[in-house]
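First up is the structure itself, then whatever we jot down about it.
Just so we're on the same page: letters track the sequence lines, and every chain starts at 1.
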There are 2 protein chains.
Amino acid sequence: MNDFERRNRPLFPISIVMELTELTARQIRYYEEQQLIKPARTKGKHRLFSFADIDRLLEIKSLLDKKVNLAGIKEIFRRRELEEQEKALMKLKSKERQISDSELRRKLVNEVLHQKSKYANSQIQGDLSRFFH
Amino acid sequence: MNDFERRNRPLFPISIVMELTELTARQIRYYEEQQLIKPARTKGKHRLFSFADIDRLLEIKSLLDKKVNLAGIKEIFRRRELEEQEKALMKLKSKERQISDSELRRKLVNEVLHQKSKYANSQIQGDLSRFFH
DNA sequence: AATATATGTTAGATTTTCTTACATGAGATT
DNA sequence: AATCTCATGTAAGAAAATCTAACATATATT
């Protein structure tokens with residue numbers, strides 16, 4: 001289980017989340033209705049919250065304190081997610097570059113080891129060849 | 001909130017603990033009956049488990065796999081708790097010793113600063129006193 | 001004044017958990 | 001072999017927790 005899975009694993013019933021966040025059930029459900037959080041559900045439709053959900057709720061609370069309305073909070077979250085996607089993409093690309101770099105290096109080493117250099121048939125080799133055999 | 005409080009905070013309903021430990025409700029309740037765990041309760045008597053409880057349950061499971069019976073597991077837990085109490089005591093004592101050491105140091109410094117040294121009225125001071133005032 | 005937003009409250013239905021009691025399979029004991 | 005003990009399964013009925021939906025309301029916005 002990686003960090004992402006640990007943070008997003010559904011674990012907590014609403015009663016515990018109420019305690020941890022000092023929000024009412026009504027507030028929590030309303031924020032879900034407004035799509036600021038998407039807690040998991042049991043088979044019986046009871047909500048199950050993750051650590052990530054709780055963090056979000058705490059942030060919602062703090063932003064509401066700063067008079068940001070729910071639309072604003074939603075937008076803030078949306079932007080952060082875009083940023084994070086962006087970052088993930090950059091990371092992926094950088095990994096791809098790394099891979100192709102190392103691939104390139106591997107090929108070059110291979111060529112050198114097997115004398116498949118571009119210059120294998122070049123003037124230079126021709127020029128030097130008289131010193132061999 | 002310190003580490004102890006974090007590990008012992010009642011958070012999880014039995015359904016989640018069942019998932020995390022792969023134990024049945026019957027098993028979990030039975031282990032409680034045998035006093036191997038003591039989960040907290042809500043006002044309405046529903047069990048609430050902490051991270052520490054979950055760790056214990058996983059250990060119970062692993063020991064049962066090794067054919068240790070519940071009495072054995074209980075004894076193992078009891079011994080570990082005694083050891084831990086022991087350690088906590090040693091730590092406390094060492095802290096006390098530290099405190100009395102620093103107290104002693106403070107007093108010595110105080111004495112030196114205020115010329116309350118044993119030697120304040122010694123020959124030596126008497127000898128040097130003629131060079132002053 | 002009318003509207004929108006965020007939250008409170010209540011009611012009835014559904015889900016989850018509780019306790020208690022009886023059942024059972026595998027080993028240990030007689 | 002019969003009996004006992006231990007750990008677990010299963011079922012029933014009660015109680016607690018959560019759900020959704022609806023209506024209520026205070027404050028801010030238009």
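The nearest whole Å value for the distance from the NZ atom in B/K67 to the P atom in C/dA26 is 12 Å. As a whole-Å value, the separation of B/N69 CG from D/dT5 P is 15 Å. The CZ atom of A/R29 sits 12 Å away from the P atom of C/dG8 (whole-angstrom rounding). Between B/K61 atom NZ and D/dA7 atom C1' there is a gap of 15 Å when expressed in whole angstrom units. At whole-Å resolution of the value, CD1 in B/I14 and C1' in D/dA17 are 15 Å apart. Nucleotide D/dG9 holds its P atom 11 Å from the CD1 atom of B/I28, rounded to whole Å. The distance between atom CD of B/Q27 and atom P of D/dT10, rounded to the nearest whole Å, is 11 Å. Rounded to whole Å, the distance from CD on A/E22 to C1' on C/dT7 is 17 Å.
If you run side-chain contact (heavy atoms from CB on, under 4.5 Å) between A/I60 and each of A/L63, A/L64, A/L58, only A/L64 comes through.
In this structure, A/Y30 reaches the C/dA6 phosphate: one of its side-chain N or O atoms is under 4.0 Å from OP1 or OP2. OP1 or OP2 of D/dT8 has at least one side-chain nitrogen or oxygen of B/Y31 nearer than 4.0 Å.
Ring planes of A/F51 and B/F51: parallel class, angle under 30° (limits at 30 and 60°).
For the residue pair A/K74 and A/Q34, the shortest heavy atom distance occurs at NZ-O, 3.6 Å. A pairwise comparison of heavy atoms in A/M18 and A/I28 identifies CG-CD1, 3.9 Å as the closest pair.
Taking 4.0 Å as the cut-off between side-chain N and carboxylate O, A/R79 and A/E75 count as a salt-bridged pair. For the pair B/R47 and B/D53, the salt-bridge criterion is not met [side-chain N within less than 4.0 Å of a carboxylate O].
Position along DNA chain D of the nearest nucleotide to B/V68 versus A/E32 favours B/V68 as the more 5'-ward residue.
The backbone N or O of B/N2 lies less than 3.5 Å from a partner atom in the side chain of B/E5, making a donor-acceptor pair.
Taking a 4.0 Å limit (strictly below) on heavy-atom distances, residues 34-58 of chain B reaches DNA chain D at B/T42, B/G44, B/H46.
Distance from the side chain of B/S15 is smallest to C/dT17 among C/dT9, C/dC22, C/dT17.
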